[in-house]
Number of protein chains: 2
Amino acid sequence: MAVDFQAIIANLSRHTEFNPAELAQFTSQLTWRQAARRDCLLRAGQPTRKIFYGLSGALRAFYVDKTGRESTIMFAVADWWVTDMYCFVNAQPAMLTIEAIEYSHYLELTKSSLEQLYLTVPKFERCFRILFQNAYTREQLRVIENLSLTAEERYLQFLKKYPQILPHVTQKQIASYLGITPEFLSLIRKNQRQKSIAQK
Amino acid sequence: MAVDFQAIIANLSRHTEFNPAELAQFTSQLTWRQAARRDCLLRAGQPTRKIFYGLSGALRAFYVDKTGRESTIMFAVADWWVTDMYCFVNAQPAMLTIEAIEYSHYLELTKSSLEQLYLTVPKFERCFRILFQNAYTREQLRVIENLSLTAEERYLQFLKKYPQILPHVTQKQIASYLGITPEFLSLIRKNQRQKSIAQK
DNA sequence: AGCATTAGTTAATCTACCTTAACTTTTTCT
DNA sequence: AGAAAAAGTTAAGGTAGATTAACTAATGCT
């Protein structure tokens with residue numbers, strides 16, 4: 001089985017230069033997997049030992065509250081890393097569920113492999129420092145938007161920021177990312193349509 | 001001026017072991033400063049070249065939207081790092097303002113010093129990788145809470161998670177962190193008081 | 001291909017939280 | 001210490017977004 005690591009290698013190499021031996025050591029730790037629609041990569045309550053990298057299709061990480069309501073934390077299409085990072089880092093049972101939205105390919109890396117890589121190839125520290133830095137600033141922007149924008153503005157931001165995600169997700173899933181009901185998103189879209197007609 | 005670097009050294013050493021030379025190199029890049037109440041460490045629109053580390057007192061990072069409403073992004077009491085990280089990392093004019101809530105001491109580190117440190121002492125990559133990892137997971141938890149909890153539940157979480165911040169901040173500032181009005185927080189607190197009386 | 005499930009729409013009613021405003025209490029600054 | 005500013009409280013009225021429900025359209029599954 002010749003797995004194509006080009007995408008993940010290109011992703012890492014955006015931040016740090018690795019030599020072939022280092023890359024080989026990295027890729028030797030990856031497991032290539034596929035998931036059918038609705039397959040779970042991680043289930044709330046289970047140990048969080050792996051981090052995932054999307055190759056094709058789309059994954060969704062979500063939280064289910066005590067009343068059963070889902071909040072989508074992130075979508076991961078090709079070239080996105082995803083896991084329940086809090087529980088991964090702190091070795092706790094997952095709070096999030098990660099599910100394939102559609103038939104997907106992805107790579108899997110265990111926590112112990114990653115920790116090994118940090119120690120044997122310190123450049124991975126730099127690489128992941130930058131990944132975490134980006135992840136942090138992205139979440140911080142989301143907090144700002146959640147605090148300061150209306151649902152409609154958040155929806156428009158989402159369309160603008162994540163056009164590559166749109167073809168993979170339903171409105172219901174977008175609504176649960178924005179923190180609103182699908183019914184209300186439907187209303188927002190109706191209003192948008194009327195505004196765009198009025199423009200003409 | 002003999003500045004006390006014990007606190008920041010202890011903070012770094014939680015994640016990585018440094019030798020005295022490395023620590024000296026680090027501390028040589030720090031500037032010790034004090035700020036009076038309402039002094040700005042960073043002003044929206046200005047270059048974001050510095051990261052701050054609280055020693056005493058309390059700092060507040062907030063966003064002001066187009067209507068003039070403030071959203072508090074974070075508080076930084078002793079031993080917290082703070083800056084407008086998105087703009088710091090991407091070398092953009094600040095979106096956030098960082099202000100001293102009360103008379104405070106803090107340390108300042110420039111972006112270029114930090115980048116120099118990453119290159120000359122790679123252990124700092126590890127150290128900041130862990131700091132960013134923690135910052136990311138903290139923000140992600142906040143996103144989950146903002147999406148899935150009511151204002152009252154968020155308030156109770158805040159009290160529980162950040163008891164060390166409470167003595168430094170007003171209710172108005174807490175409200176702007178939670179994304180509600182001070183009037184509504186006042187109502188929540190009134191309801192809480194009545195519940196705690198009913199308990200007896 | 002066709003049935004069952006799920007997604008999306010629309011509308012009426014409801015509620016968590018906002019706005020405004022008038023007031024009291026606390027804090028800050030000189 | 002005392003005036004001025006800011007923080008906090010209370011209450012009436014308003015609005016963004018939730019809930020429920022009934023329906024239509026699209027999609028997935030055998």
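Below, chains carry the letters A, B, ... as their sequence lines are ordered, and counting in each starts from 1.
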Measure from [atom1] on [X] to [atom2] on [N] and round the result to the nearest Å.
{"X": "A/Arg69", "N": "C/dA16", "atom1": "CZ", "atom2": "P", "result": "12 Å"}
{"X": "B/Ile180", "N": "D/dA16", "atom1": "CD1", "atom2": "P", "result": "19 Å"}
{"X": "B/Leu185", "N": "C/dC17", "atom1": "CG", "atom2": "C1'", "result": "12 Å"}
{"X": "A/Tyr155", "N": "D/dG17", "atom1": "OH", "atom2": "C1'", "result": "17 Å"}
{"X": "B/Tyr103", "N": "C/dC29", "atom1": "OH", "atom2": "P", "result": "14 Å"}
{"X": "B/Gln192", "N": "D/dT9", "atom1": "CD", "atom2": "C1'", "result": "16 Å"}
{"X": "A/Ile101", "N": "D/dT27", "atom1": "CD1", "atom2": "P", "result": "15 Å"}
{"X": "A/Leu187", "N": "C/dT9", "atom1": "CG", "atom2": "P", "result": "10 Å"}

| message | Parallel, tilted or perpendicular: which one describes the rings of B/Tyr118 and B/Phe128, with boundaries at 30° and 60°? | response | perpendicular
Using the ring of each side chain (for Trp, its six-membered ring), is B/Phe132 parallel, tilted or perpendicular to A/Tyr136, with breaks at 30° and 60°?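 Aromatic pair B/Phe132/A/Tyr136 classed tilted.
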Partner of B/Glu145 under salt bridge (charged side-chain N to carboxylate O under 4.0 Å, His left out), picked from B/Lys161, B/Arg138, B/Lys160, is B/Lys161
Notebook entry, point to check: Looking only at atom types and distance, does a side-chain atom of B/Ser71 sit under 3.5 Å from a main-chain N or O of A/Ile144, one as donor and one as acceptor?
Noted result: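 No.
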### Message
Nearest heavy atom decides the nucleotide; on that basis, is B/Arg37 or A/Gln171 closer to the 5' end of DNA chain C?
### Response
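Nearest nucleotide further toward 5': that of A/Gln171.
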Result for 5'-nearest mapping on DNA chain C, choosing between A/Gln173 and B/Phe184, is A/Gln173
The complete set of salt bridge (charged side-chain N to carboxylate O under 4.0 Å, His left out) pairs with one or both residues in residues 14-29 of chain A, sequence neighbours excluded, reads A/Glu22-A/Lys123
Choose from [options] the nucleotide whose nearest atom is closest to any side-chain atom of [X].
{"X": "B/Arg193", "options": "D/dT9, C/dA16, D/dA7", "value": "D/dT9"}
{"X": "B/Lys190", "options": "D/dT10, C/dT9, D/dG17", "value": "D/dT10"}
{"X": "A/Lys172", "options": "C/dA7, D/dT9, C/dT9", "value": "C/dA7"}
{"X": "B/Ser186", "options": "C/dA16, D/dA7, D/dT9", "value": "D/dT9"}
{"X": "B/Thr170", "options": "C/dA7, D/dA7, C/dC17", "value": "D/dA7"}

Closest-nucleotide 5' rank along DNA chain D - winner of A/Glu183 and A/Glu152 =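 Result of the comparison: A/Glu152.
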task = May I ask you to evaluate whether A/Thr181 reaches the phosphate of D/dA18, defined as a side-chain N or O under 4.0 Å from OP1 or OP2?
result =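 Yes, within the criterion.
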